[in-house]
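The figures that follow rest on heavy atoms only: side chains count, while hydrogens, waters and symmetry mates do not. Residue indices begin at 1 and follow the sequence shown.
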Amino acid sequence: MADEDSYKYRIAIASSDGETVNRHYGRADKFFIYLVDDEEGYSLIEERKVEPVCHDGSHMISDMEKSAVRFTDCKYVIAAKIGAGANQHLVVKGITCMELPGSIDDAVTKVWKYNRIQNLFK
């Protein structure tokens, strides 16, 4: 039997409108946080405002670290694009990053399927 953490988790989604995954991780000024229950579905629980960490293509390492810390309650971060530096800072925190541009519904469905497959091997 899987423990509760394996089927309930949060996803942070970079979106300007709450309907589509359409923001680059480093340029996003808000993320929509969803609580996913693999058995029952998902729901929006928060709109999280953040300071963008990308400034004309340059990044401060300290800003990238602060940004990653903002998502330690999430298992996944989804954006239209995520640079290698941001990805590295998030992965160190145990967060899986995915580039899934398109509708939020489609992105959550893909993460749900991915998470279910990952749990088959536990």
Test side-chain contact (heavy atoms from CB on, under 4.5 Å) on Trp112 and Asp38 and set out the steps.
CA-CA 7 Å; Trp112 174 78; Asp38 279 347; 2.8 Å; yes
Evaluate side-chain contact (heavy atoms from CB on, under 4.5 Å) for Ile11 paired with Ile78, printing each intermediate quantity in order.
CA-CA 7 Å; Ile11 302 173; Ile78 310 303; 3.5 Å; yes
Step by step, work out the side-chain contact (heavy atoms from CB on, under 4.5 Å) result for Val69 and Lys93.
CA-CA 8 Å; Val69 168; Lys93 301 288 183 200; 3.8 Å; yes
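Residues Leu35 and Tyr42 fail the side-chain proximity criterion, which asks for heavy atoms closer than 4.5 Å. At least one side-chain heavy atom of Tyr9 sits less than 4.5 Å from a side-chain heavy atom of Val111. Contact check for Leu100 versus Asp106: no side-chain heavy atoms found under the 4.5 Å cut-off. With a 4.5 Å cut-off on side-chain heavy atoms, Phe31 and Glu46 do not count as touching. Counting heavy atoms from C-beta on, the side chains of Ile45 and Arg10 come closer than 4.5 Å.
The two atoms that bring Val21 and Ala107 nearest to each other are CG2-CB, 3.8 Å, heavy atoms only. Closest approach of Ile13 and Tyr34 over heavy atoms only: CD1-CD1, 3.8 Å. Here the closest non-hydrogen pair linking Ala79 and His24 is CB-C, 4.5 Å. The two residues Cys74 and Arg48 come nearest to each other via the heavy atoms SG-NH1, 4.4 Å. Minimum heavy-atom separation, Phe71 to Ala12: CD2-CB, 3.6 Å. The shortest non-hydrogen separation linking His89 to Ala68 is O-CB, 3.7 Å.
By the side chain to side chain donor-acceptor pair (under 3.5 Å) test, Glu39 is found to be paired with Arg116, residues two or more places apart in sequence or in another chain being considered.
Rounding to the nearest 0.5 Å gives a distance of 8.5 Å between CG of Leu44 and CD1 of Ile33. Separation of atoms CG (Asn22) and CD1 (Ile104) is listed at 8.0 Å; rounding is to 0.5 Å. In this structure, the separation between OG on Ser15 and CZ on Arg23 is 9.0 Å, given to the nearest 0.5 Å. Separation of atoms CD (Glu40) and NZ (Lys8) is listed at 6.5 Å; rounding is to 0.5 Å. Taking CZ of Arg70 as the reference point, atom CD of Glu51 lies at 7.0 Å (rounded to 0.5 Å).
Of the possible donor and acceptor atoms, one in the side chain of Lys30 sits under 3.5 Å from a partner among the backbone N and O of Ser16.
When only modelled atom types and interatomic distance are considered, Tyr25 and Asn87 share no side-chain donor-acceptor pair under 3.5 Å. Residues Asn115 and Tyr76 have side chains that bring a donor and an acceptor to within less than 3.5 angstrom of each other. There is no side-chain donor-acceptor pair under 3.5 Å between Asp105 and Ser103.
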